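The structure under discussion appears below in the form of structure tokens.
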Amino acid sequence: MTDTASFFAQRLAHETDPSDVYAAQRAGEEFTLVDVRSDAAWAQGRISGAIHLPHAMIAEQASAEIPLDSPVVVYCWGPGCNAGVKGALAFARLGYTVREMIGGYEYWVREGQPTEDSDGPLPRVFDPLTMVVR
């Protein structure tokens with residue numbers, strides 16, 4: 001494999017995106033989706049099916065909440081937030097298989113995927129600039 005091909009293969013081994021995560025959820029693939037944002041961000045809305053574990057708490061709480069053999073996908077707010085990288089690093093240091101969902105919550109919402117808050121499902125809004133037709 002060329003250096004360029006290896007580079008992109010490595011990226012895909014460690015990154016995923018909202019469309020692929022949603023497809024994996026719908027297909028029933030086994031993984032734990034982790035929102036690594038703050039309590040305030042979680043309260044505003046989160047991806048349906050996600051658990052909340054702020055990135056600063058992963059080292060001390062992950063093993064009590066997530067089996068080590070469960071693949072993990074982490075997300076934060078969006079492209080301007082590096083909490084997903086911090087969370088992915090913390091999980092990797094603990095020995096988890098982990099991927100970061102690039103685009104984060106922002107792009108999940110823009111694609112119209114299901115979200116919720118403490119009161120239940122939130123309205124789905126489809127951004128025509130990011131809509132994926134399946």
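In this chain, residues are counted from 1 in sequence order. What's counted below: heavy atoms across the whole structure, side chains too, no hydrogens, waters or symmetry copies. All values derive from a computational prediction rather than experimental measurement.
At least one side-chain heavy atom of Trp108 sits less than 4.5 Å from a side-chain heavy atom of Gln113. Put simply, the side chain of Val73 does not reach to within 4.5 Å of the side chain of Val98, judged on heavy atoms. By the 4.5 Å heavy-atom criterion applied to side chains, Val72 and Thr97 are not counted as neighbours. Here the side chains of Phe7 and Thr2 are not in contact, with every heavy-atom distance at 4.5 Å or above. Side-chain contact check for Val34 versus Ile66: some heavy-atom pair is nearer than 4.5 Å. Side-chain contact between Asp117 and Trp42: absent, with no pair of heavy atoms (C-beta onward) separated by less than 4.5 Å. Under the 4.5 Å side-chain criterion, counting only non-hydrogen atoms from C-beta, Arg46 is in contact with Ser118. Within the 4.5 Å cutoff, the side chain of Ser63 has no heavy atoms near those of the Leu68 side chain.
A distance of 11.5 Å separates CD in Glu30 from CD in Gln25, rounded to the nearest 0.5 Å. Atom OH in Tyr105 sits 4.0 Å away from atom OG1 in Thr115 (nearest 0.5 Å). Summarising the geometry, atom NE2 belonging to His55 is positioned 9.0 Å from atom OG belonging to Ser38; distances are rounded to the nearest 0.5 Å. How far CD of Glu116 is from CG of Leu122: 8.0 Å, rounded to the nearest 0.5 Å. Here the straight-line distance linking atom CZ of Arg93 with atom CD1 of Ile58 works out to 11.5 Å at 0.5 Å rounding. Note that CZ of Arg37 is 13.0 Å distant from CG of Leu53, once rounded to the nearest 0.5 Å.
When all heavy atoms of Phe91 and Ala62 are compared, the closest pair comes out as CE2-CB, 3.7 Å. Between Pro114 and Tyr22 the shortest heavy-atom distance is CD-CE1, 3.4 Å. In terms of heavy atoms, Ala59 sits closest to Leu94 at CA-CD1, 4.0 Å. The heavy-atom pair separating Cys76 from Ala83 by the smallest distance is CB-CB, 3.7 Å. Heavy atoms only, all atoms of each residue included: Asp20 and Asp17 are closest at N-OD1, 2.8 Å. Residues Val74 and Gly87 come closest through the heavy atom pair CG1-C, 4.4 Å.
The hydrophobic cluster containing Phe31 does not contain Ile51, counting ILVMFWY residues as joined when their side-chain heavy atoms lie under 4.5 angstrom apart, directly or transitively. Cluster membership check: Val109 does not share its hydrophobic cluster with Val36, using side-chain heavy-atom separations under 4.5 Å among Ile, Leu, Val, Met, Phe, Trp and Tyr.
By the neighbour-count criterion of 12 heavy atoms within 6.0 Å, atom CZ of Arg124 is densely surrounded, having more than that number from other residues, nucleotides or ligands.
Here the side chain of Arg99 pairs a donor or acceptor atom with the backbone of Glu15 at under 3.5 angstrom.
In the model, Thr16 has no side-chain atom that pairs as donor or acceptor with a side-chain atom of Glu100 under 3.5 Å. Side chain to side chain, Tyr75 and Asp35 meet the donor-acceptor criterion of an N or O pair below 3.5 Å.
Taking the centre and axis of the six-membered ring of Tyr107, the NZ or CZ atom of Arg110 falls inside the cone set by 45° and 6.0 Å.
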Task: Ile47 and Met101: CA distance, side-chain angles, deciding distance, side-chain contact (heavy atoms from CB on, under 4.5 Å) verdict - done: CA-CA 12 Å; Ile47 295 173; Met101 186 180 80; 3.6 Å; yes

